[in-house]
Chemist: 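Can you keep this structure in mind? I'll have questions shortly.
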Amino acid sequence: MRRPEAVVLGTLGVALAAVAAVGAEGPALKDVMPKGMLLGAAVSQSQVEEKDAAAAALVTRHFDSITPENLLKWEAVHPEPDRFNFAPADALVAFGEQRKMTVIGHTLVWHSQTPAWVFAGKEGAALDRETALARMREHIQAVVGRYRGRIKGWDVVNEAINDDAEGSMRKSKWQQAIGDDYIAKAFEFAHGADPQAELYYNDYNLTSAPKRATAIRIVKDLKARGIRVDGIGEQGHWLLAGPSRADIEATITDIAAAGVKVLITELDVDVLPRDPGMYGADLEKRAKFKAETNLYPDSLPADKQAELARRYADVFALFLKHREKITRVTFWGVHDGHSWLNGFPIPGRVNHALLFDRQLRPKPAYDAVVETLNKK
Ligand code: XIL
């Protein structure tokens, strides 16, 4: 018969083996981050429900903030008018609280991953302003209200700006039904539902000057109207070759100069080729699978590992330089096997965008980030 201690040691042994398997050889990334800058990861439902125990252990070891990759999006949490699906989000918040992590909400008002009923008008007519605002208010009150005091900050509005030379407003269904002040309304509703929560505007390609100028104008306008807004999130879906360091630095300094926090909210580095028109993270822009663009189906060769490592070292050197301005850096995913870039913008490819590989082992890019941050 096993003695109780043996059982305890046995369990501990298994737990230790699991930790060893998830990159315990290097420091925990959160411990090498500059003071005051959180390190986050976008996590999946199977991770927070600990069905994927190895990835959950990796998150626990390296990150002090989590963002739900999908499970708080409208289609996931509020699939039908009278039905909310809170169980996965409850698990996310509990996972974060048990580990003393900062939990971020993503996202309240977006054109994507929102069910068709939200945008349907009465009896086949176009959606009217009043109905759109009522649905938005009800959704925000229910979702933000449920996690009041537990979710630290929300991506209130996601991707409201076009990629054109004017930085024009995206003519989303929200914008068309309500007008440009749908943004102000979303922030007001969110503030009403949790007065303590931080509220962010989030978008990709803010490294492009016109888009960034509009994001800053939006935030200044909110502030001028006395509406709470705490930060701007640059998603940070970047490539090996771009955006340039100068454009990333301008993004950080311009946002900070607007008087709000700078957040890098969805960081990853795509190592695969894209057509020029596919730059960014517009979910509507997708291309068909072409085997000749799936360059590294087995593993990333050493020269490309080194290039990825240099790219991550460069961007983390900028984060370090501007540590007073940046309050959080969140990776969009935990390890390469889980990254959305295996499916975007071209489905069926094998991408290598993050710091941990498919076996959850730290890559040269991880070493480069640690080395860069240790120079602080
Ligand atoms: C992505 C998820 O990672 C995918 O799993 C999902 O299929 C599509 O959305 N910008 C955002 C994120 O704000 O919510 C998107 O996440 C990636 C682009």
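Below, all heavy atoms of this structure are taken into account, side chains as well, without hydrogens, waters or symmetry copies. Indexing begins at 1, ligand by ligand and atom by atom, following the structure's order. Predicted model only: the values in this text are computed from it and were never measured. Residue numbers start at 1 and run along the sequence shown.
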Chemist: Does ligand 1 have any atom sitting under 4.0 Å from a heavy atom of Trp110?
Modeler: yes
Chemist: What protein heavy atom sits nearest atom 6 (C) of ligand 1, and how far away is it?
Modeler: Asn70 OD1, 3.4 Å
Chemist: Just verifying a value: how many Å separate Asp254 CG and Ile216 CD1, rounded to the nearest 0.5 Å?
Modeler: 5.0 Å
Chemist: Is the closest N or O pair between Gln113 and ligand 1 shorter than 3.5 Å?
Modeler: yes
Chemist: Under a 4.0 angstrom heavy-atom cut-off, which atoms of ligand 1 come close to His106?
Modeler: 11 (C), 12 (C), 13 (O), 14 (O)
Chemist: Considering the heavy atoms of Glu69, write down every atom of ligand 1 situated less than 4.0 Å from one of them.
Modeler: 2 (C), 3 (O), 4 (C), 5 (O)
Chemist: Does the plane of the ring in Phe319 sit parallel, tilted or perpendicular to the ring in Trp238? Use 30° and 60° as the thresholds.
Modeler: tilted
Chemist: Counting only nitrogen or oxygen atoms and a 3.5 angstrom limit, does Asn202 reach ligand 1?
Modeler: no
Chemist: Is there a path of hydrophobic side-chain contacts, each under 4.5 Å between heavy atoms of I/L/V/M/F/W/Y residues, joining Phe331 to Leu263?
Modeler: no
Chemist: Roughly how far, to the nearest 0.5 Å, is NZ of Lys363 from CG of Asp336?
Modeler: 3.5 Å
Chemist: Show which atoms of ligand 1 fall inside a sub-4.0 Å distance from at least one heavy-atom site of Gln235.
Modeler: 10 (N), 11 (C), 13 (O), 18 (C)
Chemist: Can you tell me which residue and heavy atom of the protein come closest to atom 1 (C) of ligand 1, and the distance to 0.1 Å?
Modeler: Lys73 NZ, 3.6 Å
Chemist: For ligand 1, note which part of Asn158 has a heavy atom under 4.0 Å away: side chain, backbone, both or neither.
Modeler: side chain
Chemist: Return the orientation label for the Trp340 and Phe344 ring planes: parallel under 30°, perpendicular over 60°, tilted otherwise.
Modeler: parallel
Chemist: Do we see a donor-acceptor contact under 3.5 Å between the side chains of Asn351 and Ser339?
Modeler: no
Chemist: Kindly determine whether Trp154 and His191 satisfy ring pair (Phe, Tyr, Trp, His ring centres under 6.0 Å), including the steps that lead there.
Modeler: CA-CA 10 Å; Trp154 283 92; His191 183 59; over 10 Å; no
Chemist: Does Val262 share a hydrophobic cluster with Tyr200, counting links as ILVMFWY side-chain heavy atoms below 4.5 Å and allowing steps through other members?
Modeler: no
Chemist: Would you mind listing which atoms of ligand 1 come within a distance below 4.0 Å of any non-hydrogen atom of Glu266?
Modeler: 10 (N), 11 (C), 12 (C), 13 (O), 17 (C), 18 (C)
Chemist: So, 4.0 Å and heavy atoms of Phe344: is ligand 1 close enough to count as a contact?
Modeler: no
